[in-house]
Every structure is written in C-alpha cells, then in structure tokens.
Amino acid sequence: MDKKFYITTPIFYPNANLHLGHAYVTTLCDVIARYHRLVGDKTYFLTGSDENAQTVIQGAIKAGEDIHAFRDRMVEGFAALFKRLDISYDQFIRTSDEQMHWPGAKRLWEKMAAAGDIYKKEYEGLYCVGHEAFITEKELVDGKCPDHGTVPERTKEENYFFRLSKYTAPIKSKIESDELEILPQSRKNEILALLDEGLQDVSFSRPKAKVPVGIPVPGDDSQVMYVWCDALSNYITALGYGRDDALYKEFWPADVHVIGKDILRFHAAIWPGMLLSAGVPLPKRLLVHGLIRSGGKKMSKTLGNVIDPQELLEEYGTDALRYYLARHISPFEDGDITREHFKEVYNADLANGLGNLASRIMQLAQMHLSEGTRPEAVGFPKEYTEPLEQFEVNKAVEYVWQCIAALDHKITETQPFKVVKENPEQGKKIILELTQELYIIGRMLNPFMPATNEAIKKAVVENKKPENLFPRKD
RNA sequence: AGCGGGGUGGAGCAGUAGUAGCUCGUCAGGCUCAUAACCUGAAGGUCGCAGGUGCAAAUCCUGCCCCCGCAACCA
C-alpha cells in the first residue's frame, strides 16, 4: 500500500490542564495514525493548541501570568501528557506561532476576501466577555448572561463578516454526496437538518482592543481574526499553506478530522464554507465522537466525578489507559468510565487475559525451546483491518481479544506442558506455534498498545519470559 | 420549549423482523504451563411502558415515562 493519510485532532485551549476527553480524542487519533503507518500508508498526524482565544487570555490573567509565558507553560503540559500517552504526532501546531501558522491564516482570509465573501458590518448589541460574543436580550436572565452571571456591556462594534449563507447549498450537496463524509450517520443527519434551516453569515473578526493576541486582519490592523479563520485554518497552515507548499501538496485534503460532537457544526458548516470560498479542497471526512461520561453523567467538578488521565496513567500505565479508551469507549457514541470499571477491565482483559497468556506461553518457550523465533510477516486478517479502516477501533480490539481467548483455549486443548514430557519433539512444535501466534497478537496490538507490542516481540525473539506485563490489582 | 443520543439478565454492551447474544461478575466442575490465572458447564432477561401493523417485533408505526447531552473549567 502506498497511500497517504492525513489525520488531525481538534486543537485544544491552553487554559487548563487536559482532561480525559482530550486524552481520548488524541489517543483515538493516535491509534488510527499508528494503524495507517502499520499498513504502510504515508501518514501525517497533526495536533495543536488554539491559543488566541479570550478564555486563554482570561486563564493567564487568573494565573497572574504573562499571556505568552502562560501559554508556553500550558502547552508544555500538553506535550508532557501526550508523551506519557505515547502519542505519535508528527506536528504540534500553535495558533500563536507567527511563523508557522499566521501566514496561512492570512492567505486564507485574503482568498476569501478576493472571492467577495468578506464584508464589514457595524453591529450594536450586548457583548458578553465570557462568551467572547454578542448575546441577545432574550437570552438574559435578570439582565445577566445566564452562563457567566455577568452583566453584558452594550457596545457598538465594527466586524468583518463571512458570507457563509452563500454556501449553504454547496455544503449540503457535498455532505449529502459524502464528498465530505460525516461519521457516524446520525451526525450527518443532524447537520443536514441544520443546513435545511439555512446558514447565517458569521462574524469573522474582533476589534484588536478586545483580543490583543490574535492574528491581524490583512489590511486592517485594528481588527484581529475571530476563531474561525484563526483556529480552523490550523489544519492547512500546519502543512504549510501560504508558507511552504511541500507538505500541503502531499497531504491535503485531510483524510479525517476527528472532532467532538460539540464542535460538529463548526467543522461541518463554517470550515467547508471557508474552504469553498477560498477554492481549497474540502477534507474527506469528519469523525465525530461522543463524550466520555463517568457513572452515566458528564464529568464535572461540581459532581466530583472527574477522572484525571494522569491518575489512571500513574496507577495502571500508558497501555492500560490506551486499551481502555480504544476498547471500551465507542468512537461514535458517548462512552462511560469509572474507576471500578477500569479496574475490572484491567484485571480481566489485561492481567488475566493478555498478560497471563504471554506469561504462560513464554514460560513454556523459555523452558523448552533453544532459541527465539520471529514468524514470517503475514498480512492482517480482515476482521482486524476492516473495522480499523472504518475507524471502528473498539471492534478491532475486540477481535484481538478473541484471538487471545482462542490461544488460551488452544493451550488447554493441545496440552503442550504434558506433551513435551512424553514427546519432546511434538511438544516443542506446539510451543513454537504458540509463541508465533503470540507474536502475531502482539503485532496487532501495535496501534493500541505500542509498548506492549514491543515487549511481546522482544520476549518471543529473545525467547525470554517477560516481567509481568500487567500485574493484577486488588 | 426545541434538537440529538439512550433505556436489553447484577454491571458494561452487541443485536433494525424469524430459535435473545457477548464480556465482566456469581456458582459448580476440570486443568496445572501461567499473574489464586486458564478451560468447561450452570444460574440469571416478560429487550422502559401502553397500544398498533405483520404469519412473525428488542427490531417497524403511534403515544407516554425516565436518563443523558446540546449552557458552565469541557473533546
């Protein structure tokens, strides 16, 4: 296979530490990216941070830090978590990066302006700082913003607008025809329903006085770009759009943008509209995942059901967390995680399942085989590749665990531990087969559990029983 | 209000018309290479409720109830 594959995560606000939801989407992307590398696709995996937002500025103020220092510190934290999660991203784009990001964002704006789709409009209304947007009278509760509990300011603002309304029909047709494919189907239906109502033009800039760190609007230094052109553009600027086209030519359009359902409309309406306006090809696919809840409820500090990825990483390790996220959280629907369920799954699937299987096979191998083995490379079964091509990561993992169960069963059936005493040659033959099958299982784990894949490979090749891969937890 | 997702044995899920399935947990038996693990078997469900269509419904239609999310530090 000699295809290219470009995958992106959303970009994250460096205003607080990343939580399990961020860990999930990033891990999901990593699994998909590693799979594509495994089957030989030329893969590019992008992640990054959305730094020019009001909420980030507020975070810095709250922390009493300089905005630049604050963002750098938060982004370092992102990198540390991603490293711990074994995220194999090729690039981390920061929208504050004037060299990497800004030229492309400006180029995109200019293209849209040249198409006649950017216009200036004066707007007077109630501005909520928390929203970083105008809100309507109707939305107010006791004269305050219901979300932020603050009294909005009546201000007059001159903004640039993007003529998104013009693109309702073309966007709809691209989505209906799956030229821009939206997965799962339910999300596609949802966005088509929205498109039926027609899209409104969207505000595309803010006065620089209000958002001091944004990207200047080309030809108007008094305004900075609002989030759409500022942030969504990262998917192409990272590749060098407007700067150096080599990667861009190779990898755009994206094969998949992985996003949460909360940001679906931005990616399925505004972003395609922008690209259509600028004459840039649309991404091929949006993979819209759900939310991770805990105990059936959204995680929130108030409810006290937040689970920090760091906590799980420390207690169970990187691959255990990756395993849980890949197997037990659906890529398409809301998922659930509790400490109790995590432990149950860890013990059942990893300690008793995979870990124990590796121990029993390698114990036999170490005792009875004189040297390690390395099975010939074979293709992957379709029960494994087909789900992965469709991003059904959980189904692919389930298949691997079926293989694990089958191998446990095979040991019971063939009784190599007994046979080897009565007929050493026959026993060794069985044991050799078992180690080779274990190796193949390890290889299939590569996208989900890269370190475990390595550990199993090493054990088989060196004919040495590994340390407990996943010690039981009580 | 509106929009979206969901309600299947103790837990988590699969199953869009034709004998209700998987994993975990529980119980009994087996095995001994292994991390008190592994294998086999069993118990356990009127598939949210009420109607309707069909020879046949978890699965289609109608109404209702309940949970979750869409607004908050938030993918």
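By convention in this document, chain letters (A, B, ...) are assigned in the order of the sequence lines, proteins followed by strands, and residues within each chain are numbered from 1.
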Taking the six-membered ring for Trp and the single ring otherwise, decide whether the centroids of A:Phe391 and A:His289 are under 6.0 Å apart. no
Aromatic centroids of A:Phe266 and A:Trp228 separated by under 6.0 Å: yes
Report yes if at least one side-chain N or O of [X] is closer than 4.0 Å to OP1 or OP2 of [N]; otherwise report no.
| X | N | result |
| --- | --- | --- |
| A:Arg472 | B:A37 | yes |
| A:Lys465 | B:U35 | yes |
| A:Asn352 | B:C24 | no |
| A:Lys421 | B:C33 | yes |

Using a heavy-atom cut-off of under 4.0 Å over every strand shown, decide if [X] touches base, sugar-phosphate, or nothing.
| X | value |
| --- | --- |
| A:Gly21 | base |
| A:His328 | nothing |
| A:Ala348 | sugar-phosphate |

Less than 3.5 Å between a donor and an acceptor, one on the side chain of A:Asn356 and one on the base of B:A34, is that the case here? yes
Taking [M] as the reference, what is the distance to [N] when you measure between their [atom1] atoms (whole Å, please)?
| N | M | atom1 | result |
| --- | --- | --- | --- |
| B:C31 | B:U40 | C1' | 10 Å |
| B:C27 | B:A17 | C1' | 36 Å |
| B:U53 | B:C60 | C1' | 8 Å |
| B:G69 | B:U16 | P | 27 Å |
| B:G51 | B:G15 | P | 28 Å |
| B:A11 | B:U35 | P | 34 Å |

Ring-face cation contact, A:Tyr226 with A:Arg206, 6.0 Å cut, 45° max: yes
Could you check if the base of B:G54 is syn or anti? Syn means the glycosidic torsion is within 90 degrees of 0. syn
Given atom CG of A:Asp408 and atom P of B:C31, what is their separation to the nearest angstrom? 18 Å
Between B:C38 (C1') and A:Arg360 (CZ): distance, integer Å: 4 Å
Are any of the side-chain heavy atoms of A:Tyr44 and A:Ile7 separated by less than 4.5 Å? no
